[in-house]
2 protein chains.
Amino acid sequence: MDRLTIGRLAARSGCKVPTIRYYEQIGLMAAPERSEGNQRLYDHAALQRLAFIRHARDLGFTLDDIRDLLRLSEHPELSCAAADSIARRHLDTVRERIESLRRLESELEKIATACQSDTVRDCRVIEMLAGSGELRK
Amino acid sequence: MDRLTIGRLAARSGCKVPTIRYYEQIGLMAAPERSEGNQRLYDHAALQRLAFIRHARDLGFTLDDIRDLLRLSEHPELSCAAADSIARRHLDTVRERIESLRRLESELEKIATACQSDTVRDCRVIEMLAGSGELRK
DNA sequence: CCTAATGTCTCTAGGAGCTATAGGTTCAAG
DNA sequence: CTTGAACCTATAGCTCCTAGAGACATTAGG
């Protein structure tokens, strides 16, 4: 027993209610059973699955990645190389993102301290953003 | 002289052709003059503006932020406090993003090295993603 | 037991920032 | 001159939700 309404499921999983319905709509979550009054009732397995999705989303996996991972988890006889490669591929893009955000951070730091004058004319924000060597010849 | 077709502008700015047309459509880039045959012809100023936009997008600014910054750059008599505050506000969110990506990175590192066995049954990727303490009571 | 508040239902539209497609015109190279 | 690439417009689609309207269900208080 121990059935959860969608609201409670949302509270426990950290997803929002419409998001859960959306996941059902796109087939990421199975349609759960309904109460007499047609309200969705979820079991513990649904909570686990949703928590998995939520966590993976937080980690930046796309819904497609997640679909793959979930399919893998349902077929434990398959090689885990696939799951591993999804994670690895993801790690690469995360590292790239961190790198470019670091560059951004230092640029913004410069900007935020560069502003000494009080008109844009002498302010460096604009010119810094205007672009340094991004122009290809 | 030295007019650029949209394709060349795309190549030099790093934006894609449809993206440039999209920016025109939403009023971020002005409609440029046209050739006899109705093709867009851009000047150097357009290239600079687009490079600015591109760079700012790479840095994670929203199109709305960029619109603000561009407006500021067109009115050098205004205070640069506004430009500064946009940058500052952004710096905060950038730092948060870096933080959470670092956490993500280390989590993914664990995952990517955890896979020693060759069937999912014994693979930790799935179970690691399944979620640790995210479940609220 | 009744009522009011809250939760849930479906359906539809919007939003950010593009990207893709279709069906046609124009341009530059050979 | 002819081909093929690049360009044009217009429209639809993409990802991942989020918000709103209008109606039914459930629950807590009095």
Side-chain angles (χ1 to χ4, degrees), chain A residues 1-43 46-47 49-50 52-70 86 90 93 97 100, chain B residues 2-43 46 49-50 52-70 86 90 93 97 100:
Chain A
M1 317 311 107
D2 192 36
R3 297 274 133 103
L4 298 168
T5 63
I6 198 169
R8 284 175 199 283
L9 182 65
R12 292 217 193 167
S13 68
C15 290
K16 294 186 181 162
V17 169
T19 304
I20 297 171
R21 290 197 277 244
Y22 169 72
Y23 287 161
E24 178 180 330
Q25 186 188 308
I26 63 170
L28 203 57
M29 292 291 292
E33 61 166 328
R34 300 287 183 119
S35 72
E36 291 277 307
N38 197 36
Q39 300 193 349
R40 290 169 179 83
L41 290 181
Y42 294 92
D43 57 17
L47 175 56
R49 189 179 175 97
L50 190 55
F52 177 102
I53 296 170
R54 174 74 214 274
H55 191 55
R57 283 296 294 142
D58 281 349
L59 297 186
F61 288 91
T62 66
L63 292 183
D64 272 354
D65 282 341
I66 293 170
R67 223 184 285 268
D68 286 348
L69 290 169
L70 284 168
I86 292 172
H90 201 63
T93 71
R97 253 188 255 169
S100 81
Chain B
D2 195 39
R3 298 273 133 102
L4 297 168
T5 62
I6 197 170
R8 286 174 198 285
L9 182 66
R12 291 217 193 165
S13 68
C15 289
K16 294 185 183 163
V17 168
T19 304
I20 297 171
R21 291 197 276 245
Y22 169 72
Y23 287 162
E24 179 180 330
Q25 186 188 307
I26 64 170
L28 203 56
M29 292 291 290
E33 60 166 331
R34 299 289 182 118
S35 72
E36 291 279 305
N38 197 37
Q39 299 193 351
R40 290 168 178 84
L41 291 181
Y42 294 93
D43 57 16
R49 190 180 174 96
L50 190 56
F52 177 101
I53 295 170
R54 175 73 214 276
H55 192 54
R57 283 296 294 140
D58 279 350
L59 297 186
F61 289 91
T62 67
L63 292 183
D64 272 353
D65 283 340
I66 293 170
R67 224 184 283 268
D68 286 349
L69 289 169
L70 285 168
I86 292 172
H90 205 64
T93 70
R97 256 189 253 171
S100 82

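The sequence lines fix the lettering, A, B, ..., with proteins before strands; numbering per chain opens at 1.
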_Residue pair B/R54, B/S13: steps toward the side-chain contact (heavy atoms from CB on, under 4.5 Å) verdict_ = CA-CA 7 Å; B/R54 175 73 214 276; B/S13 68; 5.5 Å; no

*Could you walk me through whether B/I6 and B/Q39 pass side-chain contact (heavy atoms from CB on, under 4.5 Å), step by step?*
CA-CA 8 Å; B/I6 197 170; B/Q39 299 193 351; over 6 Å; no

*side-chain contact (heavy atoms from CB on, under 4.5 Å) assessment of B/D43 paired with B/R3*: CA-CA 5 Å; B/D43 57 16; B/R3 298 273 133 102; 3.9 Å; yes

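Residue pairs meeting the side-chain hydrogen bond (donor to acceptor under 3.5 Å, both in side chains) criterion with at least one member in residues 17-32 of chain A, sequence neighbours excluded, are A/E24-A/R40.
Distance check: B/Y42 OH to B/L50 CG gives 8.0 Å after rounding to the nearest 0.5 Å. Here the CD1-CZ distance, from A/I66 to A/R57, works out to 5.5 Å after rounding to the nearest 0.5 Å. Rounding to the nearest 0.5 Å gives a distance of 8.5 Å between CG of A/L41 and CG of A/L4.
Of the side-chain N and O atoms in A/T19, one or more sit less than 4.0 angstrom from OP1 or OP2 of D/dT18.
Per the geometry, OH belonging to B/Y22 stands 17 Å off P belonging to D/dC14, to the nearest Å. When the C1' atom of D/dC16 is taken as reference, atom CG of A/D64 falls 11 Å away, rounded to whole Å. As a whole-Å value, the separation of A/M29 CE from D/dC17 C1' is 16 Å.
Using a 4.0 Å heavy-atom criterion, one finds that B/L63 contacts the sugar-phosphate atoms exclusively.
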For nucleotides 4-9 of chain D, tabulate all protein N/O to nucleotide N/O atom pairs closer than 3.5 Å, reporting atom names and distance.
| from | atom 1 | to | atom 2 | distance (Å) |
| --- | --- | --- | --- | --- |
| D/dC7 | OP1 | B/T5 | OG1 | 3.0 |
| D/dC7 | OP1 | B/G7 | N | 2.7 |
| D/dC8 | OP1 | B/R40 | N | 2.8 |
| D/dC8 | OP1 | B/R40 | NH1 | 3.0 |
| D/dC8 | OP2 | B/R21 | NH1 | 2.3 |
| D/dC8 | OP2 | B/R40 | NH1 | 3.4 |
| D/dC8 | O3' | B/R34 | NH1 | 3.4 |
| D/dT9 | OP1 | B/R34 | NH1 | 3.3 |
| D/dT9 | OP1 | B/R34 | NH2 | 3.0 |
| D/dT9 | OP2 | B/R40 | NH1 | 2.9 |
| D/dT9 | OP2 | B/R40 | NH2 | 2.9 |

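Residue B/Q25 is the one, among A/P18 and B/Q25, whose nearest nucleotide of DNA chain D lies closer to the 5' end (criterion: closest heavy atom).
When DNA chain C is scanned in the 5' to 3' direction for atoms under 4.0 Å from non-hydrogen atoms of chain A, the outermost contacting nucleotides are C/dG7 to C/dT10.
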